[in-house]
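Along the sequence shown, the residues carry numbers beginning at 1. It should be emphasised that the depicted structure is a prediction, and the values quoted were computed from it without experimental measurement.
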Amino acid sequence: MALSSTAIGTTNTTVYTSSGNNAIACMVVCNVYEFNPSFPTDHTAKLSIWAVANGSSASNTNLIVNALPITAGETLSLDQEKLVLGNGDTLVAKSDTGSTLSITISTLPV
């Protein structure tokens, strides 16, 4: 099993590139800001993720998470379904707010 961690930018950010065939076992996205109950919507970020075939680009046809709001202090775990990526396939992510979300991806070679 391999781990990869990346900060998600406000433009399309390649967060994982498959070398060979790899299964995505789990993706964990964390909003790195501390939750403030006095201002519960502060630092909420909207997350989008694309699964992009080698040679393609992120578009509506390969969007797998669409502008999902993640509040400060929240962690999202995507682990119910597995994705198998071929050599050169990528996962691309974007946040509407910079320096707010980080993603850790766990992979297994197949």
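- The backbone N or O of Gly20 lies less than 3.5 Å from a partner atom in the side chain of Ser18, making a donor-acceptor pair.
- Side-chain atoms of Thr13 come within 3.5 Å of backbone N or O of Thr11 as a donor-acceptor pair.
- Under the 3.5 Å distance criterion, with hydrogens and angles disregarded, no donor-acceptor pair is assigned to the side chains of Thr17 and Thr90.
- Criterion: ILVMFWY side-chain heavy atoms under 4.5 Å apart, direct or through other members. Under it, Val15 and Leu63 are not part of a common hydrophobic cluster.
- Met27 and Val52 fall into different hydrophobic clusters, defined by Ile, Leu, Val, Met, Phe, Trp and Tyr side-chain heavy atoms under 4.5 Å apart, directly or through other members.
- Between atom SG of residue Cys30 and atom CD1 of residue Ile70 there is a gap of 9.0 Å, rounded to the nearest 0.5 Å.
- Applying the ring pair (Phe, Tyr, Trp, His ring centres under 6.0 Å) test to pairs two or more places apart or on separate chains, none has a residue in residues 58-95.
- Following chains of ILVMFWY side-chain contacts shorter than 4.5 Å, one cannot reach Val92 starting from Leu68, and the two form parts of different hydrophobic clusters.
- Of the candidates Leu78, Ile64, Thr107, Leu83 forms a side chain to side chain contact (heavy atoms under 4.5 Å, CB included) with just one, namely Ile64.
- The CD1 atom of Ile105 sits 9.5 Å away from the SG atom of Cys26 when rounded to the nearest 0.5 Å.
- Val28 approaches Ser77 most closely through the heavy-atom pair CG2-OG, 4.3 Å.
- Closest of all the heavy-atom pairs between Pro109 and Asn22 is CA-OD1, 3.5 Å.
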Check the pair Asn31 / Thr71 against side chain to side chain contact (heavy atoms under 4.5 Å, CB included), numbers first and verdict last.
CA-CA 7 Å; Asn31 185 319; Thr71 58; 5.6 Å; no
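- The minimum heavy-atom distance linking Ser102 with Val32 is given by the pair OG-CG1, 4.0 Å.
- If you chain together hydrophobic residues whose side chains sit under 4.5 Å apart, Ile8 and Leu76 fall into the same group.
- Pairing each heavy atom of Ala72 with each of Glu34, the nearest pair is CB-O, 3.7 Å.
- Atoms CG and CG, from Asn66 and Asn60 in turn, are 7.5 Å apart once rounded to the nearest 0.5 Å.
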Distance-only donor-acceptor hits, side chain of residues 43-50, under 3.5 Å, sequence neighbours excluded:
| residue | atom | partner | partner atom | Å |
| --- | --- | --- | --- | --- |
| Thr44 | OG1 | Thr41 | O | 3.0 |
| Ser48 | OG | Ala67 | N | 3.0 |
| Trp50 | NE1 | Ser59 | O | 3.2 |

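- Rounded to the nearest 0.5 angstrom, Asn21 CG and Asn87 CG are separated by 7.5 Å.
- One hydrophobic cluster holds both Val65 and Leu91 under the rule that ILVMFWY side chains link at heavy-atom gaps under 4.5 Å.
- Side-chain atoms of Asn12 never come within 3.5 Å of backbone atoms of Lys94 as a donor-acceptor pair (strictly under, hydrogens ignored).
- One distance of note links CD1 of Ile24 with CG of Asp79; it measures 13.0 Å at 0.5 Å rounding.
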